[in-house]
> 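Take a look at this one; I'll ask things after.
Letters A, B, ... mirror the listed sequences (proteins, then strands); counts begin at 1.
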Protein chains: 2
Amino acid sequence: MPEIHSEQLPNGLHLLAEPIAGAQSLSMTLLLPGGSMYEPSDQFGVAPMLSEIICRGAGGLDARQHSEALERLGVHRSTNTETRHLRLSATMLGDKVDEALPLLVDMVRRPRFDEASLEPTRLLALQSLDALADEPQQRVMLELKRRFYPEPINRSPLGVREHLQAMTLDQIKSYWQRTFVPSGAILAFAGKLDWSALRDRVAKLTADWQGAIDEPIVQAEAKRDYEHMQADTSQVHIGMAYDAVPENGESSILQRAATSVLSGGMSGRLFTEVREKRGLCYAVMASYSGHRDRGAVLGYAGTTTPRAQETLDVMVQEHRRMSEGVDESEFQRAIVGLKSRLVMQGESTGARAGAIAFDQYNLGRPRTLEELAEQVDGVTLEKVNAFMREHKPGEMTVVTLGSQALRF
Amino acid sequence: MPEIHSEQLPNGLHLLAEPIAGAQSLSMTLLLPGGSMYEPSDQFGVAPMLSEIICRGAGGLDARQHSEALERLGVHRSTNTETRHLRLSATMLGDKVDEALPLLVDMVRRPRFDEASLEPTRLLALQSLDALADEPQQRVMLELKRRFYPEPINRSPLGVREHLQAMTLDQIKSYWQRTFVPSGAILAFAGKLDWSALRDRVAKLTADWQGAIDEPIVQAEAKRDYEHMQADTSQVHIGMAYDAVPENGESSILQRAATSVLSGGMSGRLFTEVREKRGLCYAVMASYSGHRDRGAVLGYAGTTTPRAQETLDVMVQEHRRMSEGVDESEFQRAIVGLKSRLVMQGESTGARAGAIAFDQYNLGRPRTLEELAEQVDGVTLEKVNAFMREHKPGEMTVVTLGSQALRF
């Protein structure tokens, strides 16, 4: 029977481990409480700069030695700035974990912060910002986030140009000292592992790690409403968002089932109505994004100027029409889709390490695949329809990018 | 011991199946000889239109009924136009394959070709073309392909506007009749499967399928050289390509090991020289692309106007410097990386189904993971360095997109 080991170490670090039978690989997800929501308001971009600079040498090793040491073990690692967390992910063969762990822990505990790393780190951060010019879909979705969510969870993970330009090594170091703390951090493993050996190894490597940080207070007011971003292009990118339930047990599964009816595959309503019947756009999708304190349904479509207004109208209409309920056949397909995806998730060590880490953050405990499957089995057509009746989409926030504003 | 079942059916269809212990999912890759290289020269885009229209109803079922039937089984399917093949991929739970196969085979054997599907299919194909305006990286790499390879393997998988606008249903049907033939097609499965039951099921469903097609002759001359695409943007996208060995046993593994030294991770030469030391660009990569008759090394970098010339210069220099050889430590990391990736591939049913199908096409037989691991084990530093000395990068083809041309 699959089981997830879970232990909170004395310093507050939550350690989780899910052994996966037959796997040779081992994936690790470390969520640190250093996402963009923690950034000082004159240092937007300190999080992505920190996430880059911890890849440039740690412990006794300089940038090159440290990367080489990881690659000699076949470890693939990456860092990523999210809203709530700064995430360090790694994948390796399970039997390399003993050697890999000290190198990975050093990235968190003992980054080098070499003077020489500062300018290349800054240049890369600025270039990621510049590259947005060629990523209109990402631009629309970042602007949607900025309007839809309140401060400080509405921030771009890329930072702000003037702040990046002025960032000092001391500011990055002090952000690291403040946010890379064990209390509030979650370290999850999935794949080939020996729990008691792994637990002892982690406990030993992190025994002298101390500290805690409060999650920033979320302001009440968001801008919301409609915004058009002018761009001289024949393409139109549309982003939309509205409130949904937070991530928790049953109601988030009901929201997921409903979103799956809307956007779950080639017979999903959006795909059928917008893309297949009308050929209106080359991309259309909706997703549910659930966090412990709030949730949202996000929508995106990419289309051309002459089809943009109709695309937006049909999108809004299909999202609103969900409150009228779904039929038995749509419901069955959504449930089968959710269950198939659980099986696929179970065959990926990386997906499972991420899933149990976010469960720990959102729900306070990880769920096994078995528990998730039981939750899906407990969903009925009646429950989904009652849920959608009671949770009608409220006010929608819309952002468009293109050569002319739309009516909304 | 892992084993790959392989059988050529009387009609010429190559059937492959790799059972994966512990997997519950089953992935399928069907390679049909209908990639863009087969398109008539006045019908560029007939392949992507066919690949879209076969998702719009098949057998006795209309578009919606057919999509719904697949989704009731939890089958995720997709189609894709490549240069040499039109690919149909599907993923499902292994115990659904008996019910799913007739629906998937119908897409190939009995598409509906409803009149009503033509215009939405055309609109989507045109919009995919329009969307290129917002995808400068893809634009550069498509233009690089067009210059680097000879006709007809240099074509865009998206077709040509005027041809898409004029395409008739009869042209699509006749392309289907000509190219969707069993002789030359490869059907590969990986995951949870029972070989003898699967074999019988496929044989029965395809018994009356007949036909063969010759692969088009590749013209000798490609344009190559340097091309600049003018665009009013602060970003510069750089694509480069040069000849490498075809996909086969040993020399392609040596080429892969060398490319891995160049671009295999955070300690790869390109990453270190271009991105880490100089902070020159936000993205830089190189990859080896091997086919049965030829191979290429492809490079890409995304950067800003002031850094573009230096980025291109360093890229070219690092590719050329490979012929001077790699050191023991770089070599060891590359080998560890190749072996780790094999293990990861073995944990993904989709990756294995694709890999054995392309092995069958390129080498005439699929390789087990064990055989691939043995090939990697047989690689030595001496062999890699001798190979790189004998296979110096030749003439390079370069395409840039940005506000000014570079010196090359």
> With chain B as the partner, which of A:H66, A:M92, A:R56 has the greatest number of non-hydrogen pairs under 4.5 Å?
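Option with the top pair count is A:R56.
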> Using non-hydrogen atoms and a 4.5 Å limit, figure out which bit of B:H76 sits close to chain A: side chain, backbone, both or neither.
neither
> For each of B:I20, B:V75, B:D134, B:L70, tally heavy-atom pairs with chain A at distances under 4.5 Å, and name the one with the top tally.
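Most heavy-atom pairs under 4.5 Å with chain A: B:D134.
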> Among A:S128, A:A131, A:G22, which has the most heavy-atom pairs under 4.5 Å with chain B?
A:A131
> Need one label for B:R122: side chain, backbone, both or neither, based on atoms under 4.5 Å from any heavy atom in chain A.
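The answer is neither part of B:R122.
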> So which part of B:T303 gets closer than 4.5 Å to some heavy atom of chain A, the side chain, the backbone, both or neither?
both
> Drop me the distance from B:M266's CE to A:E68's CD, to the nearest 0.5 angstrom.
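B:M266 atom CE to A:E68 atom CD measures 12.5 Å (nearest 0.5 Å).
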> Between A:G74, A:A334, A:G350, A:A125, which residue shows the highest count of heavy-atom pairs closer than 4.5 Å to chain B?
A:G74
> Between A:S67 and B:S267, what is the shortest heavy-atom contact and its length?
CB-CB, 3.8 Å
> Pick from B:T91, B:V343, B:L338, B:T121: which one has the most heavy-atom pairs with chain A under 4.5 Å?
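Greatest number of close heavy-atom pairs with chain A: B:V343.
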> Relative to chain A, which segment of B:L73 carries a heavy atom at a distance below 4.5 Å: side chain, backbone, both, or neither?
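The backbone, not the side chain.
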> How far apart are the closest heavy atoms of A:G268 and B:E71, and which atoms are they?
N-OE1, 4.3 Å
> Can you tell which part of A:S78 gets under 4.5 Å to a heavy atom of chain B, answering side chain, backbone, both or neither?
neither
> Is B:E52 in contact with chain A via its backbone, its side chain, both, or neither, using a 4.5 Å heavy-atom distance?
side chain
> Pick one of side chain, backbone, both or neither for B:R307, based on which atoms fall under 4.5 Å of a heavy atom in chain A.
side chain
> Shorter than 4.5 Å, heavy atoms on both sides: which option in A:S117, A:P120, A:G264, A:A283 has the most such pairs with chain B?
A:P120
> Please determine, among A:A231, A:P136, A:S348, A:G337, the option with the most heavy-atom pairs under 4.5 Å with chain B.
A:P136
> Go through B:I335, B:L126, B:V336, B:T349 and name the one with the most non-hydrogen pairs under 4.5 angstrom from chain A.
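Among the listed options, the one with the most contacts to chain A is B:V336.
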> To check you understand the geometry: which heavy-atom pair defines the closest contact between A:S25 and B:E347, and what is its length?
OG-OE1, 2.6 Å
> What residue, out of B:Q332, B:K96, B:E330, B:R72, has the most heavy-atom pairs lying under 4.5 Å from chain A?
B:R72
> For residues A:Q127 and B:T304, report the shortest heavy-atom separation together with the two atoms involved.
OE1-N, 4.0 Å
> Count the heavy-atom pairs under 4.5 Å between each of A:Q137, A:H237, A:E135 and chain B, then report the option with the highest count.
A:H237
> What do you reckon, is CG of B:D232 surrounded by more than 12 foreign heavy atoms closer than 6.0 Å?
no
> Is it the side chain or the backbone of B:A21 that comes within 4.5 Å of chain A heavy atoms, both, or neither?
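The answer is neither part of B:A21.
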> Hey, what do you get for CG (A:L342) to CD (B:Q24), rounding to the nearest 0.5 Å?
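Rounded to the nearest 0.5 Å, the CG-CD separation comes to 10.5 Å.
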> Measuring heavy-atom distances to chain A, does B:T233 have an atom under 4.5 Å in its side chain, in its backbone, in both, or in neither?
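The side chain, not the backbone.
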> Does the B:Q235 side chain pair with the main chain of A:D130, one donor and one acceptor, at a distance under 3.5 Å?
yes
> OG of B:S329 to CZ of A:R64: how many Å apart, nearest 0.5 Å?
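The distance works out to 8.0 Å.
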> How long is the gap from CG on B:L93 to NZ on A:K339, to the nearest 0.5 Å?
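Going from the CG atom of B:L93 to the NZ atom of A:K339 covers 9.5 Å.
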